[in-house]
Q: 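Shown below is the structure under consideration.
Computed over heavy atoms, backbone and side chain alike; hydrogens, waters and symmetry mates excluded. Indexing begins at 1, ligand by ligand and atom by atom, following the structure's order. Sequence positions, counted from 1, serve as the residue numbers for this chain.
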Amino acid sequence: MVQQEPEELLEMSSETRSILEEHHLRPLWEVEDDMGRVYGDLEPNVWKWEDLQTAIDAIEEDVPIADLPPGFQRRVAVPINTSLGNAISNTIYVGVQTVSPGETAPAHRHGANALRFTIDGNEEMKTVVAGEEFPMENNDLITTPQWEWHDHVNDSDETAAWLDVLDLPLVLDSLNAKNTFEYHELERQPVTKTQGYWDSQYGRGRPAEEAKRDDIPGPFEGIQDPTPPYRFGWDEMVESLEQRAENDEPDPNDGYSLSYVNPASGKPPLFPTMSFRAQLLREETDPHFHNATEVYFVIEGEGATHVGDEALEWSQWDLFVVPPDQIHHHEPDGEAMLLGITDRPVFEAFNLYAEAEPSS
Ligand code: 1HN
(Lines give C-alpha, C1' and ligand atoms only; values in the text may rest on other atoms or scores of the structure.)
Protein backbone atom coordinates (compact mmCIF):
# COMPACT_ATOMS: atom_id res chain seq x y z
CA MET A 1 0.00 0.00 0.00
CA VAL A 2 1.22 3.46 -0.82
CA GLN A 3 1.83 5.54 2.28
CA GLN A 4 -0.04 8.79 2.09
CA GLU A 5 0.18 11.86 4.16
CA PRO A 6 -3.05 12.41 6.05
CA GLU A 7 -5.19 14.75 4.03
CA GLU A 8 -7.40 17.35 5.45
CA LEU A 9 -10.33 15.80 7.28
CA LEU A 10 -13.25 15.20 4.99
CA GLU A 11 -16.10 17.29 6.26
CA MET A 12 -18.73 15.22 7.98
CA SER A 13 -21.59 16.99 9.55
CA SER A 14 -20.97 17.55 13.22
CA GLU A 15 -24.03 15.43 13.99
CA THR A 16 -22.57 12.48 12.09
CA ARG A 17 -19.20 12.91 13.79
CA SER A 18 -20.73 12.99 17.22
CA ILE A 19 -22.90 9.93 16.55
CA LEU A 20 -19.77 7.98 15.65
CA GLU A 21 -17.80 9.31 18.62
CA GLU A 22 -20.59 8.53 21.02
CA HIS A 23 -20.46 4.87 19.99
CA HIS A 24 -16.65 4.54 19.91
CA LEU A 25 -16.54 4.39 16.14
CA ARG A 26 -14.35 6.11 13.56
CA PRO A 27 -14.78 6.30 9.79
CA LEU A 28 -12.26 4.14 7.92
CA TRP A 29 -11.11 7.00 5.68
CA GLU A 30 -9.71 8.64 8.81
CA VAL A 31 -8.59 5.43 10.57
CA GLU A 32 -6.56 4.28 7.57
CA ASP A 33 -4.14 7.14 7.98
CA ASP A 34 -3.28 5.75 11.43
CA MET A 35 -2.50 2.26 10.14
CA GLY A 36 1.11 1.20 9.70
CA ARG A 37 2.25 4.10 11.85
CA VAL A 38 2.89 2.42 15.20
CA TYR A 39 6.54 2.12 14.21
CA GLY A 40 8.55 4.73 12.36
CA ASP A 41 10.68 3.62 9.41
CA LEU A 42 13.77 1.78 10.66
CA GLU A 43 17.05 3.64 10.18
CA PRO A 44 20.22 1.89 8.93
CA ASN A 45 22.18 2.44 12.16
CA VAL A 46 25.59 1.04 13.16
CA TRP A 47 27.03 0.64 16.67
CA LYS A 48 30.82 0.57 16.89
CA TRP A 49 32.32 -1.95 19.30
CA GLU A 50 34.50 0.75 20.85
CA ASP A 51 31.36 2.60 21.96
CA LEU A 52 29.56 -0.58 23.04
CA GLN A 53 32.59 -1.54 25.11
CA THR A 54 32.74 1.87 26.79
CA ALA A 55 29.07 1.50 27.66
CA ILE A 56 29.20 -2.06 29.01
CA ASP A 57 32.32 -1.23 31.06
CA ALA A 58 30.60 1.81 32.56
CA ILE A 59 27.43 -0.05 33.57
CA GLU A 60 29.45 -2.99 34.87
CA GLU A 61 31.41 -0.60 37.09
CA ASP A 62 28.27 1.18 38.25
CA VAL A 63 25.58 -1.47 38.59
CA PRO A 64 25.96 -4.94 40.12
CA ILE A 65 23.39 -7.41 38.76
CA ALA A 66 22.22 -7.99 42.35
CA ASP A 67 21.12 -4.32 42.55
CA LEU A 68 18.95 -4.39 39.42
CA PRO A 69 15.24 -3.71 39.98
CA PRO A 70 12.72 -6.56 39.63
CA GLY A 71 12.30 -7.30 35.94
CA PHE A 72 14.54 -9.11 33.52
CA GLN A 73 17.56 -8.72 35.90
CA ARG A 74 20.17 -8.62 33.21
CA ARG A 75 22.96 -6.03 32.84
CA VAL A 76 22.70 -5.18 29.17
CA ALA A 77 23.46 -2.21 26.91
CA VAL A 78 20.64 -2.23 24.36
CA PRO A 79 21.11 -0.66 20.90
CA ILE A 80 18.11 1.54 20.13
CA ASN A 81 17.19 2.38 16.56
CA THR A 82 16.85 6.13 16.08
CA SER A 83 13.30 5.49 14.84
CA LEU A 84 12.24 3.41 17.87
CA GLY A 85 12.30 3.62 21.65
CA ASN A 86 13.19 0.14 22.87
CA ALA A 87 15.13 -2.00 20.40
CA ILE A 88 17.25 -2.15 17.24
CA SER A 89 14.17 -3.13 15.21
CA ASN A 90 10.44 -3.65 15.61
CA THR A 91 10.85 -7.46 15.56
CA ILE A 92 14.38 -8.27 16.73
CA TYR A 93 16.02 -7.13 19.97
CA VAL A 94 19.77 -7.32 20.51
CA GLY A 95 21.83 -6.35 23.54
CA VAL A 96 25.35 -6.69 24.87
CA GLN A 97 25.36 -8.35 28.28
CA THR A 98 28.12 -8.71 30.86
CA VAL A 99 28.48 -10.92 33.93
CA SER A 100 31.41 -10.14 36.26
CA PRO A 101 33.49 -12.83 37.98
CA GLY A 102 31.40 -14.49 40.71
CA GLU A 103 28.14 -12.95 39.54
CA THR A 104 24.96 -14.76 38.52
CA ALA A 105 22.24 -13.48 36.20
CA PRO A 106 19.31 -15.16 38.00
CA ALA A 107 17.14 -17.94 36.58
CA HIS A 108 13.93 -17.13 34.75
CA ARG A 109 11.97 -18.22 31.67
CA HIS A 110 9.76 -16.52 29.12
CA GLY A 111 7.82 -16.91 25.90
CA ALA A 112 10.37 -15.02 23.81
CA ASN A 113 13.09 -17.03 22.07
CA ALA A 114 16.64 -16.03 22.89
CA LEU A 115 20.19 -16.83 21.97
CA ARG A 116 23.68 -15.87 23.08
CA PHE A 117 26.60 -15.27 20.75
CA THR A 118 29.74 -15.15 22.88
CA ILE A 119 32.03 -12.16 22.41
CA ASP A 120 34.39 -12.58 25.35
CA GLY A 121 33.90 -15.89 27.11
CA ASN A 122 35.68 -18.88 28.58
CA GLU A 123 34.99 -22.42 29.75
CA GLU A 124 34.06 -21.34 33.27
CA MET A 125 31.44 -18.87 32.05
CA LYS A 126 28.27 -20.93 31.85
CA THR A 127 24.79 -20.31 30.65
CA VAL A 128 22.56 -22.90 32.26
CA VAL A 129 19.63 -23.82 30.01
CA ALA A 130 17.04 -26.51 30.78
CA GLY A 131 19.22 -28.15 33.42
CA GLU A 132 22.50 -28.21 31.48
CA GLU A 133 25.54 -25.98 31.89
CA PHE A 134 26.75 -24.72 28.50
CA PRO A 135 30.27 -23.27 28.54
CA MET A 136 30.41 -19.96 26.65
CA GLU A 137 33.55 -19.83 24.56
CA ASN A 138 34.25 -17.17 21.97
CA ASN A 139 31.86 -17.14 19.00
CA ASP A 140 29.79 -20.03 20.38
CA LEU A 141 26.11 -19.62 19.64
CA ILE A 142 23.81 -21.05 22.32
CA THR A 143 20.03 -21.23 22.12
CA THR A 144 17.65 -20.40 24.94
CA PRO A 145 14.39 -21.59 23.41
CA GLN A 146 11.13 -20.07 24.62
CA TRP A 147 9.90 -21.32 28.01
CA GLU A 148 13.19 -22.91 29.08
CA TRP A 149 14.69 -21.90 32.42
CA HIS A 150 17.99 -20.09 32.06
CA ASP A 151 20.58 -18.37 34.23
CA HIS A 152 24.14 -17.24 33.55
CA VAL A 153 26.89 -18.08 36.03
CA ASN A 154 30.42 -16.67 35.82
CA ASP A 155 32.75 -19.00 37.76
CA SER A 156 35.82 -17.57 36.04
CA ASP A 157 37.98 -14.65 37.08
CA GLU A 158 37.22 -12.56 33.99
CA THR A 159 34.22 -10.54 32.95
CA ALA A 160 32.28 -12.26 30.19
CA ALA A 161 30.40 -10.44 27.43
CA TRP A 162 28.04 -11.65 24.76
CA LEU A 163 25.38 -10.66 22.31
CA ASP A 164 21.78 -11.47 23.26
CA VAL A 165 19.24 -11.81 20.44
CA LEU A 166 15.51 -12.10 21.23
CA ASP A 167 12.23 -11.86 19.32
CA LEU A 168 11.10 -9.55 22.12
CA PRO A 169 9.55 -6.63 20.19
CA LEU A 170 7.41 -9.14 18.31
CA VAL A 171 6.27 -10.86 21.50
CA LEU A 172 5.88 -7.84 23.77
CA ASP A 173 4.97 -5.05 21.35
CA SER A 174 3.27 -6.59 18.32
CA LEU A 175 1.57 -9.49 20.12
CA ASN A 176 1.40 -7.70 23.46
CA ALA A 177 1.98 -11.11 25.12
CA LYS A 178 3.02 -9.74 28.48
CA ASN A 179 2.17 -12.62 30.80
CA THR A 180 4.90 -14.82 29.47
CA PHE A 181 7.61 -14.25 32.06
CA GLU A 182 8.37 -16.14 35.25
CA TYR A 183 11.14 -16.10 37.90
CA HIS A 184 12.62 -19.37 39.12
CA GLU A 185 12.30 -19.87 42.88
CA LEU A 186 16.09 -20.23 43.05
CA GLU A 187 18.75 -17.80 41.84
CA ARG A 188 20.45 -20.70 40.08
CA GLN A 189 18.34 -23.49 38.67
CA PRO A 190 19.49 -26.98 39.69
CA VAL A 191 21.89 -28.57 37.22
CA THR A 192 20.07 -31.81 36.41
CA LYS A 193 21.77 -32.88 33.19
CA THR A 194 25.33 -33.86 32.39
CA GLN A 195 27.27 -31.60 30.01
CA GLY A 196 26.59 -32.58 26.42
CA TYR A 197 23.15 -34.03 27.20
CA TRP A 198 21.09 -31.82 24.86
CA ASP A 199 23.59 -32.23 22.03
CA SER A 200 23.59 -36.00 22.54
CA GLN A 201 19.80 -36.17 22.13
CA TYR A 202 19.54 -33.90 19.08
CA GLY A 203 22.95 -33.55 17.40
CA ARG A 204 23.42 -37.15 16.28
CA GLY A 205 20.72 -39.35 17.69
CA ARG A 206 17.14 -39.05 18.81
CA PRO A 207 15.34 -40.86 21.60
CA ALA A 208 13.20 -43.64 20.11
CA GLU A 209 10.03 -42.27 21.69
CA GLU A 210 9.28 -38.61 20.93
CA ALA A 211 10.94 -36.54 23.67
CA LYS A 212 8.17 -35.21 25.91
CA ARG A 213 8.72 -31.69 27.11
CA ASP A 214 5.64 -31.37 29.27
CA ASP A 215 7.48 -29.66 32.14
CA ILE A 216 7.15 -26.33 30.32
CA PRO A 217 4.06 -24.15 30.14
CA GLY A 218 4.14 -23.31 26.44
CA PRO A 219 1.86 -25.03 23.96
CA PHE A 220 4.40 -27.56 22.74
CA GLU A 221 1.82 -30.28 22.34
CA GLY A 222 1.40 -30.62 18.59
CA ILE A 223 4.14 -28.13 17.75
CA GLN A 224 6.55 -29.50 15.21
CA ASP A 225 10.13 -29.84 16.39
CA PRO A 226 10.50 -27.15 19.05
CA THR A 227 14.09 -25.86 19.05
CA PRO A 228 16.10 -27.61 21.76
CA PRO A 229 18.66 -25.98 24.03
CA TYR A 230 21.79 -26.25 21.93
CA ARG A 231 25.34 -24.99 21.61
CA PHE A 232 26.85 -24.46 18.16
CA GLY A 233 30.58 -24.51 18.80
CA TRP A 234 32.47 -22.01 16.69
CA ASP A 235 35.28 -24.41 15.70
CA GLU A 236 32.79 -26.66 13.92
CA MET A 237 30.90 -23.74 12.38
CA VAL A 238 34.03 -22.12 10.96
CA GLU A 239 35.14 -25.50 9.61
CA SER A 240 31.77 -25.81 7.84
CA LEU A 241 32.15 -22.33 6.36
CA GLU A 242 35.64 -23.09 5.12
CA GLN A 243 34.45 -26.34 3.56
CA ARG A 244 31.74 -24.38 1.81
CA ALA A 245 34.22 -21.82 0.49
CA GLU A 246 36.52 -24.62 -0.64
CA ASN A 247 33.83 -26.52 -2.52
CA ASP A 248 30.92 -24.27 -3.46
CA GLU A 249 30.10 -21.01 -5.17
CA PRO A 250 29.26 -18.06 -2.94
CA ASP A 251 25.67 -16.87 -2.69
CA PRO A 252 25.48 -13.60 -4.67
CA ASN A 253 23.96 -11.66 -1.77
CA ASP A 254 25.33 -13.44 1.30
CA GLY A 255 28.76 -14.79 0.32
CA TYR A 256 29.66 -18.24 1.64
CA SER A 257 26.75 -18.62 3.95
CA LEU A 258 25.35 -21.31 6.23
CA SER A 259 22.11 -21.05 8.16
CA TYR A 260 22.10 -22.42 11.68
CA VAL A 261 19.64 -25.32 11.71
CA ASN A 262 17.06 -26.20 14.30
CA PRO A 263 18.69 -29.46 15.42
CA ALA A 264 15.26 -31.02 15.97
CA SER A 265 14.18 -30.57 12.34
CA GLY A 266 17.61 -30.54 10.71
CA LYS A 267 16.58 -27.38 8.86
CA PRO A 268 16.55 -23.63 9.35
CA PRO A 269 15.09 -21.53 10.80
CA LEU A 270 16.68 -21.90 14.20
CA PHE A 271 13.55 -20.38 15.79
CA PRO A 272 10.08 -19.94 14.23
CA THR A 273 10.60 -16.18 14.45
CA MET A 274 14.28 -15.65 13.64
CA SER A 275 16.88 -17.21 11.36
CA PHE A 276 20.66 -16.94 11.73
CA ARG A 277 23.49 -17.27 9.22
CA ALA A 278 27.24 -17.49 9.55
CA GLN A 279 28.61 -15.66 6.49
CA LEU A 280 32.12 -15.67 5.11
CA LEU A 281 32.68 -12.76 2.72
CA ARG A 282 35.62 -12.62 0.35
CA GLU A 283 34.27 -10.27 -2.28
CA GLU A 284 31.68 -7.61 -2.82
CA THR A 285 28.13 -9.01 -2.91
CA ASP A 286 25.31 -8.10 -5.32
CA PRO A 287 22.71 -5.59 -4.24
CA HIS A 288 19.19 -6.73 -3.43
CA PHE A 289 16.30 -5.78 -1.17
CA HIS A 290 13.59 -7.58 0.77
CA ASN A 291 10.86 -6.80 3.24
CA ALA A 292 12.46 -8.73 6.10
CA THR A 293 14.79 -6.86 8.47
CA GLU A 294 18.41 -7.91 8.94
CA VAL A 295 20.66 -7.30 11.92
CA TYR A 296 24.36 -8.05 11.56
CA PHE A 297 27.09 -8.71 14.09
CA VAL A 298 30.67 -8.58 12.80
CA ILE A 299 32.46 -11.72 13.94
CA GLU A 300 35.75 -10.87 12.23
CA GLY A 301 37.22 -8.51 9.66
CA GLU A 302 36.20 -5.13 8.36
CA GLY A 303 34.36 -3.56 5.50
CA ALA A 304 31.21 -1.67 4.69
CA THR A 305 27.59 -2.45 4.00
CA HIS A 306 25.94 -0.06 1.59
CA VAL A 307 22.30 0.63 2.41
CA GLY A 308 20.56 2.96 -0.01
CA ASP A 309 23.09 5.75 -0.39
CA GLU A 310 24.59 5.27 3.06
CA ALA A 311 27.77 3.30 3.78
CA LEU A 312 27.82 1.59 7.17
CA GLU A 313 31.50 1.09 7.94
CA TRP A 314 32.17 -1.84 10.24
CA SER A 315 34.92 -3.77 11.97
CA GLN A 316 35.05 -6.57 14.55
CA TRP A 317 32.12 -6.78 17.01
CA ASP A 318 30.22 -3.86 15.51
CA LEU A 319 26.47 -4.24 15.12
CA PHE A 320 24.29 -2.82 12.38
CA VAL A 321 20.78 -3.04 11.03
CA VAL A 322 19.54 -3.17 7.43
CA PRO A 323 15.94 -1.87 7.34
CA PRO A 324 13.25 -3.50 5.22
CA ASP A 325 12.95 -2.65 1.51
CA GLN A 326 16.31 -0.88 1.30
CA ILE A 327 18.77 -1.88 -1.41
CA HIS A 328 21.95 -3.14 0.24
CA HIS A 329 25.16 -5.03 -0.40
CA HIS A 330 28.32 -5.92 1.50
CA GLU A 331 31.83 -4.81 0.64
CA PRO A 332 34.38 -6.64 2.80
CA ASP A 333 37.91 -5.30 3.05
CA GLY A 334 39.68 -8.65 2.51
CA GLU A 335 38.01 -11.56 4.32
CA ALA A 336 35.25 -10.98 6.85
CA MET A 337 32.75 -13.06 8.82
CA LEU A 338 29.30 -11.88 9.81
CA LEU A 339 26.51 -13.26 11.93
CA GLY A 340 23.34 -12.46 9.95
CA ILE A 341 20.06 -12.31 11.85
CA THR A 342 16.67 -11.98 10.14
CA ASP A 343 12.95 -12.01 10.92
CA ARG A 344 12.30 -13.57 7.49
CA PRO A 345 10.63 -16.71 8.99
CA VAL A 346 7.78 -14.54 10.28
CA PHE A 347 7.19 -13.06 6.82
CA GLU A 348 7.33 -16.54 5.29
CA ALA A 349 4.89 -17.96 7.82
CA PHE A 350 2.33 -15.40 6.70
CA ASN A 351 3.11 -15.59 2.96
CA LEU A 352 4.46 -12.06 3.00
CA TYR A 353 8.14 -12.48 2.16
CA ALA A 354 9.33 -10.65 -0.94
CA GLU A 355 12.81 -10.12 -2.33
CA ALA A 356 14.11 -8.52 -5.53
CA GLU A 357 17.13 -7.17 -7.36
CA PRO A 358 17.20 -3.47 -8.07
CA SER A 359 16.17 -2.66 -11.64
CA SER A 360 19.16 -1.12 -13.38
C1 1HN B 1 16.70 -12.22 28.96
O2 1HN B 1 16.10 -13.31 29.48
C3 1HN B 1 18.08 -12.17 28.90
O4 1HN B 1 18.36 -14.30 29.85
C5 1HN B 1 18.71 -11.07 28.33
O6 1HN B 1 20.11 -13.16 29.45
C7 1HN B 1 17.98 -10.02 27.87
C8 1HN B 1 15.84 -8.97 27.52
C9 1HN B 1 14.50 -8.99 27.64
C10 1HN B 1 13.84 -10.10 28.17
C11 1HN B 1 14.55 -11.16 28.61
C12 1HN B 1 18.90 -13.30 29.42
C13 1HN B 1 16.59 -10.03 27.97
C14 1HN B 1 15.94 -11.14 28.52
Side-chain angles (χ1 to χ4, degrees), residues 47 52 55-56 59-60 63-81 84-100 103-121 125-136 140-155 159-189 191 198 216-218 227 229-231 270-271 273-274 276 295 297 319 339 341 343:
W47 285 261
L52 290 166
I56 59 174
I59 56 176
E60 186 194 3
V63 187
I65 295 173
D67 287 1
L68 293 173
F72 299 138
Q73 295 180 301
R74 299 293 190 256
R75 185 174 52 225
V76 184
V78 182
I80 306 295
N81 197 276
L84 296 172
N86 63 4
I88 197 168
S89 93
N90 55 289
T91 50
I92 296 164
Y93 155 108
V94 296
V96 182
Q97 177 165 183
T98 57
V99 176
S100 308
E103 274 189 319
T104 295
H108 66 211
R109 63 179 172 182
H110 40 69
N113 288 289
L115 69 69
R116 328 283 153 208
F117 191 89
T118 315
I119 298 170
D120 195 358
M125 171 68 228
K126 277 146 332 193
T127 181
V128 188
V129 187
E132 180 178 337
E133 293 178 312
F134 292 87
M136 300 180 77
D140 287 353
L141 183 154
I142 301 160
T143 65
T144 305
Q146 53 180 166
W147 308 118
E148 302 288 7
W149 294 114
H150 54 284
D151 45 284
H152 317 305
V153 179
N154 190 347
D155 285 333
T159 295
W162 61 84
L163 182 73
D164 293 311
V165 187
L166 288 90
D167 49 15
L168 204 63
L170 197 66
V171 172
L172 289 189
D173 290 323
S174 300
L175 300 178
N176 207 13
K178 296 209 179 75
N179 294 319
T180 54
F181 184 89
E182 192 182 359
Y183 296 110
H184 200 283
E185 58 188 7
L186 302 170
E187 186 187 37
R188 296 184 178 191
Q189 68 178 293
V191 175
W198 283 108
I216 41 187
T227 309
Y230 205 81
R231 170 181 162 274
L270 185 54
F271 295 122
T273 48
M274 298 183 289
F276 297 82
V295 175
F297 177 70
L319 266 167
L339 175 71
I341 306 163
D343 58 4

Q: Looking only at heavy atoms, which two atoms of Glu60 and Thr98 are closest? And how far apart?
A: CB-OG1, 4.1 Å
Q: Where do Leu166 and Ala114 come nearest, in terms of heavy atoms and distance?
A: CG-CB, 3.5 Å
Q: Can you check whether His150 and His184 have ring centres sitting under 6.0 Å from each other?
A: no
Q: For ligand 1, which is the ligand I care about here, please tell me if His152 has any N or O atom under 3.5 Å from one of the ligand's N or O atoms.
A: yes
Q: Which ligand 1 atoms, with their elements, are less than 4.0 angstrom from a heavy-atom of His150?
A: 2 (O), 4 (O)
Q: Using ring-ring contact (aromatic ring centres under 6.0 Å, His included) as the criterion, point out the one residue from Phe117, Trp162, Phe276, Trp47 that pairs with Phe297.
A: Phe117
Q: Salt-bridged, Glu182 to Arg109, with N to O below 4.0 Å?
A: yes
Q: Would Tyr93 count as a contact of ligand 1 if the rule is a heavy atom under 4.0 Å away?
A: yes
Q: Closest approach of Gln189 and Ala107, non-hydrogen atoms and distance?
A: N-CB, 3.9 Å
Q: Under 4.0 Å from a heavy atom of His110: which atoms of ligand 1 are those, numbered in the order shown and with their elements?
A: 1 (C), 2 (O), 11 (C)
Q: Looking only at protein heavy atoms, which one is nearest to atom 12 (C) of ligand 1, and how far off is it?
A: Arg74 NE, 2.9 Å
Q: If you count the atoms of ligand 1 from 1 in the order shown, which ones are under 4.0 Å from a heavy atom of Arg116?
A: 3 (C), 4 (O), 5 (C), 6 (O), 12 (C)
Q: Going by the order shown, which atoms of ligand 1 are within less than 4.0 Å of some heavy atom of His108?
A: 1 (C), 2 (O), 4 (O)
Q: Classify the contact between Leu166 and ligand 1 as side chain, backbone, both or neither, using a heavy-atom distance cut-off of under 4.0 Å.
A: side chain
